[in-house]
Amino acid sequence: MVVIRDLIIQGAQMLLVLLLAPLFTGFVRKVKARLLRRQGPPLIQPYLDLIRLTRKEVVLAESASWLFRVIPYLVFAATWVAAALVPTFRTGLLFSWSADLIAIIALLGSARFFLALAGLDVGTSFGGIGSSREVMIASLAEPAMIMIVFTLALIAGSTQLSNVAEFMASPQVGLRVSLALALIGLVMVAIAENGRVPVDNPATHLELTMVHEAMVLEYSGRHLALIELSNSLKLLLYVSLLACLFAPWGIEAAGASVPTLALGAAAYVGKLAVGGFLLALFETSIAKMRVFRAPEFLGVALMLGLLATLLRFVSGSF
Amino acid sequence: MTLTIALGCAAALLALAAVGVIIGRSPAATRVVYGASLIIAAVSFIAGLVQLVGAAAPFDLTLPLGVPWLGAHFRLDALSAFFLIVVDLGAMSASLFALGYGEHETAPQRVLPFYAAFLAGMTLVVLADDAYTFLFSWEFMSLTSWALVMSHPRVPENVRAGYVYLVMASFGTLTLLFAFGLLAGPDGLYTFTQMRAAHPSAALGALALILALVGAGSKAGIVPLHVWLPLAHPAAPSHVSALMSGVMTKVAVYGFVRIAFELAGPPAWWWSIVVLAVAGATTVMGVLYALMQHDLKRLLAYHTVENIGIIFIGLGLSLAFNAYGMTFAAALALTAALLHVFNHSLFKSLLFFGAGAVLTTTGERDMEHLGGLIHRMPQTAFVVLVGCAAISALPPLNGFVSEWLTFQAILLSPQLPSWGLKLLVPAVGALLALSAALAAACFVKAYGVTFLGRPRTPAAERATETDRFSLAAMFFLAALCLVVGILPGFFIDALAPVSTALLGARMPPQIGAQWLSIVPIAASRSSYDGLLVFLFITLSGTLAAYAIHRLASDRLRRAPAWDCGYPDLSPATQYTATSFAQPIRRVFGTFVFRAREQVDMPPPGDMRPARLTVQITDPIWDYLYAPLVVGIGVAADRLNRLQFLTIRQFLSLVFSALVILLLVLAIWS
Amino acid sequence: MSRIDFDIAHLLAGSLVLISFLELYQDRLYALLNVFAAHALVLAASVAWQAFIQDAPHLYVTAAIALTFKAIVIPVALHRIIVRLGIHREIEKVVGVGAAMLAGMGLVALSMVVMLRVTHGADPLAREDLAFALSVVLLGLLMMVTRRNAVGQVIGFMSLENGLVLAATGARGMPLVVEISVAFSVLIAFIVIGIFLFRIRERFDTVDVQVIDRFRGERR
């Protein structure tokens, strides 16, 4: 009985993140527009975009291979599985023990690996630009993320995300220096991994300023819909990760009743709203960096992660 | 029993080598030799498997060969059995691959006998139980692989590769000779059993460890002793490259593990610092070198260097934990390292086979002359993709499992009391994470430029699929990669006898964990379920495909790629390997390799092409080896004068030597 | 002393180290001044918190001095000097950001090891704050060594000073008189440096310390 209920909750979590992801993207765009004193697109615009894209015909380049057609499904699958493992309204998800934080990062890494291959598949320079820049950013963002995971694991005594979230919600955690460093590092990595300003501009149409958009330039129709959805999922994943690790109030423990779960879900949506607003505010108040300033930006994130880990190694009270 | 089978297989391989010499030039020779080596390796593999999984007691055997008063001692214990499995799996897949690939060999009489002898040499190293047998087999292995590297001596770079390889191999054997000499002591206790019983002093053990690290490490390919590897591995035929990279380096790791964990006595705390520092540098330097390459096989060879670094990180951590008596953590680190040994032999062999397949059908090794091969060689492309994903440590394949276990071992290290380790281990962890991300970038480049895109040369346009033996070997290895990734618990449990024998502790048994997951320390701490992740991904992908199929339009139209208004772009405008690596070269290469780019842009009206030159220096070669070579030349020149002394001077030399020796005797006795 | 007091003190000291790293990262002069103002602000907060938990009211004066002089007066005055001298606002560095960060990491590790080993029996809060303070001092020195711009070096010197103040407050019992004299010596040093900046500019027409103005930027 408990297993059935846990299964339903895991399924609900997977569905929730899938449904909320485009809404979150729409919310961020709306807030950005309002901050720039524009009306902005309606909140449900990303849903409309996805529906429109799925109805359109796929225009495939002549030199594209079978891999090009399979990759959107692979990317979506990997991102969805990763997003389903991040606790949103409840810890102790049924399959949370099957993949810990390191595995979640590696799943996102494999999504990125295949997307970079897709950029190279058609054989034009645009895809090449996107892929080469993306792997450069990833080559620093992923180690920074792993060092942050190390810090969290050394504080919480586990790499299992549910356990870490529960530890963060408990009173033992305290205000540690290494946590503050990890928070700043995680925000920087999240910005870089999701291709937001100042690392990449998600709304640009100039090829020379693109990173992510250049990799997916050749995708159209239902393939592009899957890729856009994966992108929104990834953004939602990172915001959920920040919320469950650093703002864990409202996440219910395993075994909570349905009304408290509803409360947890409401708290989660509230956190998303706050996170979206902060993201939009940050993006409108800062300019995009030159491409080769991004490694320095991520180098700082890596150093912060390394410093936080070093502090944890050196003394237990950091 | 299993030992006699394994020794019998080694003897059979030597006999096969002799047969290969005799029938080398006949057309059926390839089939005979490779087929026979496949069968012999399979038998030996089963023997090793039975020994390891059955967790039987070690077998000893002494044969009246070699040195008269010593004989040749052989032993098959858990560690030897594991490495025997690695050697034989590599041998089986290489032989299967070569059944097809060997048909394209222009000089089979130069390859076949030495191939069988090479396999025999590696088997004997792993089975050796005394210093003489070990060193003899080690040299035999080096010489046969040297002969294979030199199998095409008309190519000038092969000659240079062979020369450097010979020098480095001799150097390695010399240091190992010293190491064993130190461990044998003044009483000449040359058998490993005697060395295990003797307890060397701390200084002696430390010296033996350093010498073993240098000697075995140079064969494995740790920085800065790796210089022969990217020259020699590409020069050999592809199946031999796979064996050298995937298997021979592991035999070198075996040598190090044998000396460091068993023969050199209980470890001191600072041994691990040396090993970890060297390993961290190796990991990062290996992958950075690999990123700068555009020759497929050289890129793979440099990548071997990186993976050897990862293995040595695990070994270093294990030494650290062992020195402080934290045997469970030591078992975890050792298991992570050994599992990576196994995994790497699988996917590196697979990738070298892929490179060999590409080389045979196109004649090109340079990535920048290839492209679009996924359309011409679909099966090879698929299976090489699996290999690239495995080596980039992507779940649910096997590379991720060993890397995950290494990270778990690193997370246990704050308990180590030493300050040096407290500072070094996080840095090594950061280097490991950095190299993992860079490795993924490297293989996006390698796969994307070679197989994806559009063909850059006519050779790439004319490529065809390889023969079924090569494909069978590659599919076999790819399937194994997936199996180890999905069901790692069985393989971790199979390694338990090794860590029990070396450290006295083992990881908790993985068989009982729920849903076939692995729990390296405790369930509350961390766990990973490769099977579930694989099922999840497959399910989500299938669900998405089904939903799209039902709800979305299924129309598709082929059209030219987006060309920004410039029609019919030639394939030369797509990204090359050099251009793909440019951002990373700029971030990391300016510092490490002093990478410089120069653009020569002709003025308007001038019709000559623009030229972009990339200059990279190899800091290790320039600062370590070049001065060394120059110094040796200078010293040799000076010593040359000894040839031209007069008779009187020769006599005075003899006289002064005699007087000095008598003085020593007088003062010291 | 309760857990939360410990943690907040560590948090503030750690933020000071973090801001020192951010100073190393900046390549524009106005941004560097803003970061330095933040540095002084966090120092003031840290000293005020120490005053609160140690129950030492004279440290509040120290915090106020740090706030007014270092967070407000000095950045504004430096801003004025930069505008007046027309110093070009890109900070040339001797080594790149990556190498400076790595060196900074090494220095932090070094100060951790030194401080935690040397002060083995002392009060844990003081020890760890001293370790952070030594890191800030070393990072300030690193800034002075790796900057070609005179204003950058002045900022490095000021950060070093902040680290010393942090160390002094952490060690308990720094009397007010000492702090006032330290503050005034800082002010005098600043005035002297300001005068020198004017003279250097008049003589050499630039305040780039190497005089040879070689634009390194990001292309090397």
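Below, read A as the first sequence line, B as the second, and so on, with proteins coming before strands; counting in each chain starts at 1.
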Considering only heavy atoms, which portion of [X] lies under 4.5 Å from any heavy atom of chain A: side chain, backbone, both, or neither?
| X | answer |
| --- | --- |
| B/Ser527 | both |
| B/Cys442 | neither |
| B/Ala427 | backbone |
| B/Ile410 | both |
| B/Gln415 | neither |
| B/Leu423 | both |
| B/Pro571 | neither |
| B/Trp404 | side chain |
| B/Val533 | side chain |

Which bit of [X] is near chain B, if near means a heavy-atom gap under 4.5 Å: side chain, backbone, both or neither?
| X | answer |
| --- | --- |
| A/Ala64 | both |
| A/Leu107 | both |
| A/Leu226 | side chain |
| A/Phe114 | side chain |
| A/Ala106 | both |

What pair of heavy atoms forms the shortest contact from [X] to [Y], and how long is it?
| X | Y | answer |
| --- | --- | --- |
| B/Arg558 | A/Glu62 | NH1-O, 3.5 Å |
| A/Ser139 | B/Phe588 | OG-CE1, 3.9 Å |
| A/Phe313 | B/Ser413 | CE2-C, 3.8 Å |
| B/Gly448 | A/Leu120 | CA-CD1, 3.6 Å |
| B/Ala561 | A/Thr124 | CB-CG2, 3.7 Å |
| A/Ser132 | B/Tyr575 | OG-CE2, 3.5 Å |

Taking every heavy-atom pair that is under 4.5 Å apart, which of [options] has the most such pairs with chain B?
| options | answer |
| --- | --- |
| A/Ile129, A/Leu74, A/Leu217 | A/Ile129 |
| A/Gly127, A/Gly109, A/Ser131 | A/Ser131 |
| A/Ser125, A/Ser110, A/Pro72, A/Ala82 | A/Ser125 |
| A/Val70, A/Leu53, A/Leu60 | A/Leu60 |
| A/Ala78, A/Ala153, A/Ala99, A/Gly157 | A/Gly157 |
| A/Met136, A/Glu57, A/Arg133 | A/Glu57 |

Rounded distance (nearest 0.5 Å) linking atom [atom1] of [X] with atom [atom2] of [Y]:
| X | Y | atom1 | atom2 | answer |
| --- | --- | --- | --- | --- |
| A/Leu67 | B/Phe451 | CG | CZ | 11.5 Å |
| A/Thr54 | B/Asp554 | OG1 | CG | 12.0 Å |
| B/Leu438 | A/Leu140 | CG | CG | 7.5 Å |
| A/Phe126 | B/Thr573 | CZ | OG1 | 9.0 Å |
| A/Ser65 | B/His375 | OG | NE2 | 5.0 Å |
| A/Phe76 | B/Ile537 | CZ | CD1 | 12.5 Å |

How about [X]: does its [atom1] atom have over 12 heavy atoms from other parts shown lying under 6.0 Å from it?
| X | atom1 | result |
| --- | --- | --- |
| A/Arg69 | CZ | no |
| A/Phe167 | CZ | yes |
| A/Tyr47 | OH | yes |

Does the side chain of [Y] come within less than 4.5 Å of [X]'s, by heavy atoms?
| X | Y | answer |
| --- | --- | --- |
| B/Tyr528 | A/Ser98 | no |
| B/Leu452 | A/Val122 | no |
| B/Leu434 | A/Ile146 | no |
| B/Ser526 | A/Trp97 | no |
| A/Ile102 | B/Gln408 | yes |
| A/Leu154 | B/Pro414 | yes |
| B/Thr542 | A/Tyr73 | no |
| B/Lys445 | A/Val135 | no |

Using only atom types and a distance under 3.5 Å, with no angle test, would you say the side chain of [X] pairs donor to acceptor with the backbone of [Y]?
| X | Y | result |
| --- | --- | --- |
| A/Glu218 | B/Trp562 | yes |
| B/Arg557 | A/Val59 | no |
| A/Arg222 | B/Ala552 | no |

**Item:** Pairing residues for A/Arg55 by the salt bridge (Lys or Arg N to Asp or Glu O under 4.0 Å) criterion, not counting sequence neighbours
**Value:**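 For A/Arg55, no residue satisfies salt bridge (Lys or Arg N to Asp or Glu O under 4.0 Å) once neighbours in sequence are set aside.
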**Asked** Highest number of heavy-atom pairs under 4.5 Å with chain A: which of B/Leu385, B/Thr538, B/Leu556?
**Response** B/Leu556
**Request:** Heavy-atom pairs under 4.5 Å with chain A are the metric here; pick the option from B/Ala436, B/Ala559, B/Ala544 that has the most.
**Result:**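 Option with the greatest count: B/Ala559.
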**Asked** Passes side chain to side chain contact (heavy atoms under 4.5 Å, CB included), B/Arg525 versus A/Thr159? Steps please.
**Response** CA-CA 6 Å; B/Arg525 211 183 146 93; A/Thr159 51; over 6 Å; no
**Asked** Yes or no on side chain to side chain contact (heavy atoms under 4.5 Å, CB included) for B/Cys388 and A/Phe113, after CA distance, side-chain angles and deciding distance?
**Response** CA-CA 10 Å; B/Cys388 288; A/Phe113 179 83; 4.2 Å; yes
**Asked** Can you list every pair that meets salt bridge (Lys or Arg N to Asp or Glu O under 4.0 Å) and has a residue in residues 106-127 of chain A, with sequence neighbours left out?
**Response**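 Passing the test, one end in residues 106-127 of chain A: A/Arg112-A/Glu142, A/Arg112-A/Glu193.
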**Asked** After noting the C-alpha distance and the side-chain angles of B/Phe407 and A/Phe150, does the key distance pass the ring pair (Phe, Tyr, Trp, His ring centres under 6.0 Å) rule?
**Response** CA-CA 9 Å; B/Phe407 280 139; A/Phe150 277 5; 5.4 Å; yes
